[in-house]
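Data first, discussion second: the structure below is written as C-alpha cells.
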Amino acid sequence: MSKLRVVHYINQFFANIGGEEKADYQPELREGFVGPGMAFNQNKEFADEAEIVATVICGDSYFNENVDSALETVMGMIKSQNPDLVICGPAFNAGRYGVACGTVAAAVNKAGIPAITGMYKENPGADMFKKEVYIISTKNSAAGMRDAVKKMAPLAIKVAKGEAIGASAEEGYLPNGIRKNFFEKKRGSQRAVEMLIKKLADKEFETEYEMPSFDRVAPGEAIKDMSKAKIALVTSGGIVPKGNPDHIESSSASKYGQYDISMFTDLTAETHETAHGGYDPVYANADADRVLPVDVIKEYIEEGKIGSLHQYYYATVGNGTAVASAKKYATEIGKKLVDDHVDAVILTST
Amino acid sequence: MVKAIEAYGIPVVHIATVVPISQTVGANRIVPAIAIPHPLGNPALTHEEEKEIRKKIVNKALEALQTPVEDQTVFEWK
Amino acid sequence: MKLELGIIPISDIQFGPESKVENGTIYVNAEELKALILEDEALQSVELDIARPGESVRIMPVKDVIEPRVKVSGEGAMFPGVISKVATVGSGRTNVLRGSAVVTTGKIVGFQEGIIDMTGEGAKYTPFSQLNNLVVVCEPVDGLAKHAHEKAVRLAGLKTADYIGKLAKNIEAEEIETYETVSVKEGLQRWPDLPRVAYVLMLQSQGLLHDTYVYGVDAKQSLTTVIMPTEIMDGAILSGNCVSACDKNTTYHHLNNPVIKDLFAQHGKTLNFVGVIITNENVYLADKMRSSDWTAKLCDWLGLDGAIVSQEGFGNPDTDLIMNCKKIEAKGVKTVIITDEYAGRDGASQSLADADAAATAVVTGGNANEVIHLPKLDKVIGYPEVADIIAGGFDGSLQADGSIIAELQVITGATNEMGFNTLSAR
C-alpha cells in the first residue's frame with residue numbers, strides 16, 4: 001500500500017527564512033519536508049505509514065493581516081497536492097502562528113481532508129480552534145519539538161485513517177468539550193487522594209473536569225392580564241398518560257411527549273403516571289397533579305383567573321438527560337408554543 | 001429547558017425544588033417547590049390541604065409571570 | 001478504634017450437601033439457605049445460582065451486591081441494626097471472604113436496577129465480573145407493595161451474606177490487614193505536622209430505591225454525623241438503593257470503600273486520616289442546605305486541612321455535592337470531589353446539573369451516557385426484557401439476537417463515585 005500523502009504547514013521562522021523581520025513572507029509551496037517536517041519523517045510510527053510530500057510556508061503577519069486571501073492561496077497549494085492528511089505546526093506559544101495553524105487546519109477539515117495541529121494550551125489559537133480540530137497540547141517553546149512530534153504523529157495517522165480517537169488525556173490533544181471514557185492507570189479514589197495531597201501542598205494539579213459557565217437568556221416580558229392569557233404546562237418530571245404510550249425512557253430521555261389535556265380536570269392514578277426514573281414514583285403515580293397541577297389550573301380557568309390552558313402539555317424525563325437534548329426538545333416545544341400563540345409557560349421540575 | 005423556551009420571548013416560570021440548580025441553569029422566574037418526588041403536593045397532608053398548598057404555589061407562579069423582572073428572581077410563597 | 005481484617009481468598013462457589021468454606025471454595029446447601037430466606041413471608045419463591053468470572057452469564061436486574069464477612073472478635077456482629085443487634089462495630093477482627101459476593105436479583109422493583117456481565121464488553125466495566133457470585137433470585141408474593149418488595153429483597157441479600165460469612169468464622173485468614181483510627185487528641189500529638197484530612201461520604205436518601213441505612217437508621221432521617229472508617233468495614237452502612245446502577249454504592253462498595261482504603265494507605269505518611277463524615281442527599285431543599293451546612297461545620301470543627309467528598313447518584317444530588325464543596329472550601333478546607341458525568345451520548349453536553357467555581361479539583365468516574373453494546377451471553381439469570389425500561393436503557397435496547405445496546409448507566413458499579421474503578425473521562 002502506498003503511504004499517506006501529507007502536506008505540512010509551517011511559518012517563516014521554522015522554515016529558516018527569518019524571524020519577525022520576515023513575518024510578511026507570502027505563501028510558498030515547496031516539495032518535500034522543510035524544517036520540523038524532518039522530525040515527522042524520522043518518526044518511525046509516522047514514516048511507516050505516511051510521508052510529507054510538500055510543505056506550505058507562510059509568514060505569520062502576512063497570514064493574519066490578509067486572512068482571507070492568504071487562506072485561499074494556502075488552501076489552493078494544499079489541495080494541489082491531493083493530500084490524505086495535513087499537519088499544521090506545532091506552533092507552541094507563538095500566538096499568530098497558532099491562530100494561522102488553527103485557521104488552516106479548520107479550513108482543511110471543513111474541506112473534507114483530515115488535519116491536526118499542535119500548540120501550547122495558552123496559545124490564543126487553542127481556545128479559538130480546539131472545538132474544531134484536534135490540537136495536540138505542546139510545551140510553550142520549540143524545545144518541546146520532540147515531545148510534540150511524538151504525540152502528533154500517532155494522532156495524525158489515526159485521524160487520517162479514520163480510526164476511533166480516544167479521550168484527550170490518552171491522545172494528548174487539548175480537551176475539546178467532548179467527554180470520552182477511558183481507563184486510567186489508577187483507580188479514582190487513589191487519583192483523588194493524590195490530587196488532594198498536591199492541592200494541600202499548593203502544588204499544581206489537574207482537575208479531571210473543569211466547571212462550566214452557564215449562559216443566560218433575557219426574561220420574557222411580564223403578562224399584563226392573566227384573565228386573558230393562554231398558559232401552557234411543560235414538565236421535566238416525566239408525567240405521561242397511563243402506560244407511557246411514547247415509551248419515554250426512565251433516564252436519558254431520547255424524546256418528549258405532547259399530550260392532550262383538554263378533557264381532563266384532574267389527573268388521577270387511572271389516567272396518568274410518571275416515567276421518571278430518578279425519584280420515588282409512588283407519589284406522582286398516585287396523583288400526577290403533584291407534578292403537573294392540572295386540577296388547580298382548570299379551577300382557575302373556571303373562576304376566570306386564567307384565560308385558558310393550552311390544549312397540549314409537553315413532558316420529558318429530566319433524569320440523566322443531557323443538557324443538549326433537553327435544550328433541543330425545549331427549542332422544538334417553544335416553537336410549537338409560539339405557533340399556537342401561548343402567552344406564558346409554567347414549567348415544573350422534580 | 002427554561003432558557004430554550006424563554007429564548008422565544010415567552011415568559012416561563014420554573015417551579016422547582018432544587019432552586020440552586022434552577023439558578024445555575026438560568027431560569028429567570030423561580031418558584032420553590034415542595035420536594036423532588038412531589039413538587040406541588042405533599043402526601044403527608046389530606047387531599048384538601050394538599051390542594052390548598054398547590055394553589056398557593058400556582059398563585060405564586062401566576063404572580064411571577066405578571067411581575068416584570070430583570071435578573072433571576074425567586075418568588076417565595078412559604 | 002482498631003480493626004483487623006482477616007482475608008480469606010475465595011476462588012470458587014459450589015452447591016453441596018453441607019454449607020462450609022474449605023480450601024478457598026464456598027460450598028452452599030441450597031435447600032437450607034432457601035428455607036432461611038423464605039422465612040420472610042413477603043417472599044413467594046427464591047432460587048440460587050452461581051456466576052463465576054469469565055462465564056458467559058448475565059445477571060439482571062441486579063439490586064445489591066454484598067461481600068460475605070463475619071465478626072471473629074470485638075463488639076457486635078455484621079450489619080448491626082438490621083441483621084444483628086445494635087452494637088458499635090469496627091474493632092476486633094473480621095473475616096472477609098475476598099473474591100466472593102452475594103448478588104440479589106428478581107422481578108424488577110424500580111427503573112434503577114442494573115446488569116452484571118461475567119464476560120465480554122460489559123465485564124470490563126463492572127468490578128463484580130471479577131468475583132465468584134452467589135446469585136439470589138427473589139420473587140415477592142402477589143400484590144406486595146413496592147417499598148415492601150424492595151425491603152424483602154434487601155434483607156434476603158443481607159441474610160445470605162451473613163449466612164455465608166458465618167461459615168468462615170473459624171477459618172484461619174491468609175493475610176491480616178490492620179486499620180486504626182485514633183482520637184483527635186492523639187492524632188494531633190502523633191502527627192503534628194501532617195495535614196488533617198477527612199472523608200465526606202454522601203449517602204443517597206431519596207425514597208424508594210434511593211435509600212441508605214446507617215446502623216438501621218434511614219439516612220434521610222439523620223443529620224450529618226461522624227463515623228469511624230472501620231465501622232463501615234463491619235457493615236454499619238447498607239445500601240437500599242439504586243440510583244442508576246452505574247453510580248449506586250452497593251453494600252459491597254461500602255464494605256470495601258476505596259477512598260477509606262487509599263486514605264489509610266497515606267495515613268501517618270503524607271496525611272493524618274481523621275475520620276469519616278456521613279451526610280445525606282435528600283429531596284427537600286431545606287434538608288440539602290441543612291446537611292451541607294452541618295458537613296462544613298464538622299469539617300471546620302475537626303480542624304481539617306483537606307477533605308475528599310464522594311457523591312452517590314446524579315442530577316439533584318449534584319447540588320448537594322456542590323453545596324458541600326463550596327461550604328467546606330469556604331471554611332478554608334481544601335476539597336477534592338468525586339463524581340461521574342451525564343454528558344450525553346455524544347459527550348458534548350454539560351456533565352453536571354450544578355457547578356461552582358470552588359470545585360477546582362474533580363475526579364470523574366466517566367460519562368454514564370456513553371453507549372455500549374453488550375453481546376448475547378449464553379445464560380441470563382433474571383429478566384433480560386427489563387433492558388428496555390431500566391435507567392440507561394431505551395425502547396429496543398434488547399436486540400432480537402439477545403445482545404443489548406444501552407447507555408453505560410445500566411452496568412452495576414460502572415461509574416462508581418467512590419472512585420472504585422479506573423474508568424474516567426476527559
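Letters A, B, ... are given to chains in the order of the sequence lines, protein chains preceding strands, and every chain is numbered from 1.
- Only the side chain of A:Ile197 comes within less than 4.5 Å of a heavy atom of chain C; its backbone N, CA, C and O stay farther away.
- Atoms CG and OH, from A:Leu196 and C:Tyr199 in turn, are 13.0 Å apart once rounded to the nearest 0.5 Å.
- Annotation: the span from C:Glu370 atom CD to A:Asn181 atom CG amounts to 4.0 Å, rounded to 0.5 Å.
- Under the 3.5 Å distance criterion, the side-chain polar atoms of A:Glu208 are left unmatched by any main-chain donor or acceptor of C:Ala425.
- Closest non-hydrogen pair, A:Met211 versus C:Val362, comes out as CE-CG2, 3.9 Å.
- More than 12 heavy-atom neighbours from other residues, nucleotides or ligands sit within 6.0 angstrom of CD on A:Glu163.
- Top candidate by heavy-atom pairs under 4.5 Å with chain A, chosen from C:Gly306, C:Ser349, C:Ala359, C:Ala265, is C:Ser349.
- Residue contact with chain C, scored on non-hydrogen atoms closer than 4.5 Å, involves the backbone and the side chain of A:Lys180 alike.
- Checking side-chain atoms of A:Arg179 against main-chain N and O of C:Gln350 turns up no donor-acceptor pair under 3.5 Å.
- Chain A forms more heavy-atom pairs under 4.5 Å with one residue of C:Ile338, C:Thr360, C:Thr270 than with any other, namely C:Thr360.
- Contacts with chain A were tallied for C:Gly344, C:Ala391, C:Ala358, C:Gly393; C:Ala391 has the most, counting heavy-atom pairs under 4.5 Å.
- Under 3.5 Å, the side chains of C:His147 and A:Asp280 contain a donor-acceptor pair of N or O atoms.
- Side-chain atoms of C:Arg345 and A:Ser252, non-hydrogen and from C-beta on, do get closer than 4.5 Å to each other.
- Across all non-hydrogen atoms, the minimal contact from C:Asp346 to A:Ile178 is O-CG2, 3.3 Å.
- Contact check for A:Tyr209 versus C:Leu352: side-chain heavy atoms found under the 4.5 Å cut-off.
- We find that C:Arg426 and A:Glu184 are joined by a salt bridge, their nearest charged nitrogen and carboxylate oxygen being less than 4.0 Å apart.
- Heavy atoms of A:Lys327 lying under 4.5 Å from chain C are absent altogether.
- Chosen from C:Ser351, C:Ser397, C:Ala343, C:Ala307, the residue pairing most often with chain A at heavy-atom distances under 4.5 Å is C:Ser351.
- Listed options A:Gly188, A:Ser189, A:Ser251 were ranked by heavy-atom pairs under 4.5 angstrom with chain C; first place goes to A:Ser189.
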Please report the C-alpha distance between C:Ser424 and A:Phe182 in whole Å, then the side-chain angles of each, then the deciding distance to 0.1 Å, and finally whether the side chain to side chain contact (heavy atoms under 4.5 Å, CB included) criterion is met.
CA-CA 6 Å; C:Ser424 182; A:Phe182 71 106; 4.2 Å; yes
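- If you measure heavy-atom distances from A:Tyr279 to chain C, the contacts under 4.5 Å come from the backbone alone.
- Only the side chain of A:Val282 comes within less than 4.5 Å of a heavy atom in chain C; its backbone stays farther off.
- In this structure, C:Lys151 places its NZ atom where only 12 or fewer heavy-atom neighbours from other residues, nucleotides or ligands lie under 6.0 Å away.
- Proximity to chain C (any heavy atom under 4.5 Å) is restricted, for A:Ala275, to the backbone atoms N, CA, C and O.
- Note on A:Lys199 versus C:Asp305: no salt bridge recorded, every NZ/NE/NH1/NH2 to OD/OE distance being 4.0 Å or above.
- Residue C:Asn416 does not touch chain A at all, counting heavy-atom pairs closer than 4.5 Å.
- For the atom pair A:Asn319 CG and C:Gln409 CD, the distance stands at 7.0 Å (nearest 0.5 Å).
- Heavy atoms closer than 4.5 Å to chain A are found in both the backbone and the side chain of C:Leu423.
- Under a cut-off of 6.0 angstrom, the local environment of NZ in A:Lys255 is crowded, with over 12 non-hydrogen atoms contributed by other residues, nucleotides or ligands.
- For A:Arg187 and C:Asp262, the salt-bridge test passes: some basic side-chain N is under 4.0 Å from an acidic carboxylate O.
- For C:Pro258, the parts lying near chain A are the backbone and the side chain together; criterion is any non-hydrogen pair under 4.5 Å.
- Residue-environment remark: CD (C:Glu385) exceeds the threshold of 12 foreign heavy atoms within 6.0 Å.
- Looking at C:Leu408, the atoms closer than 4.5 Å to chain A (heavy atoms on both sides) all sit in the side chain, from C-beta outward.
- Screening A:Glu194, A:Met195, A:Arg191 for a side-chain contact (heavy atoms from CB on, under 4.5 Å) with C:Val336, the sole residue that qualifies is A:Met195.
- Side-chain contact between C:Val197 and A:Leu200: present, with at least one pair of heavy atoms (C-beta onward) separated by less than 4.5 Å.
- With a threshold of 4.5 angstrom between heavy atoms, C:Phe314 approaches chain A through side-chain atoms but not through N, CA, C or O.
- The candidate from C:Val259, C:Asn367, C:Asn257 with the greatest count of non-hydrogen atom pairs under 4.5 Å with chain A is C:Asn367.
- Considering OG1 of A:Thr207 and CD1 of C:Ile337, their distance stands at 7.5 Å, rounded to 0.5 Å.
- With chain A as partner, the option from C:Thr339, C:Ile322, C:Thr335 having the largest number of non-hydrogen pairs under 4.5 angstrom is C:Thr335.
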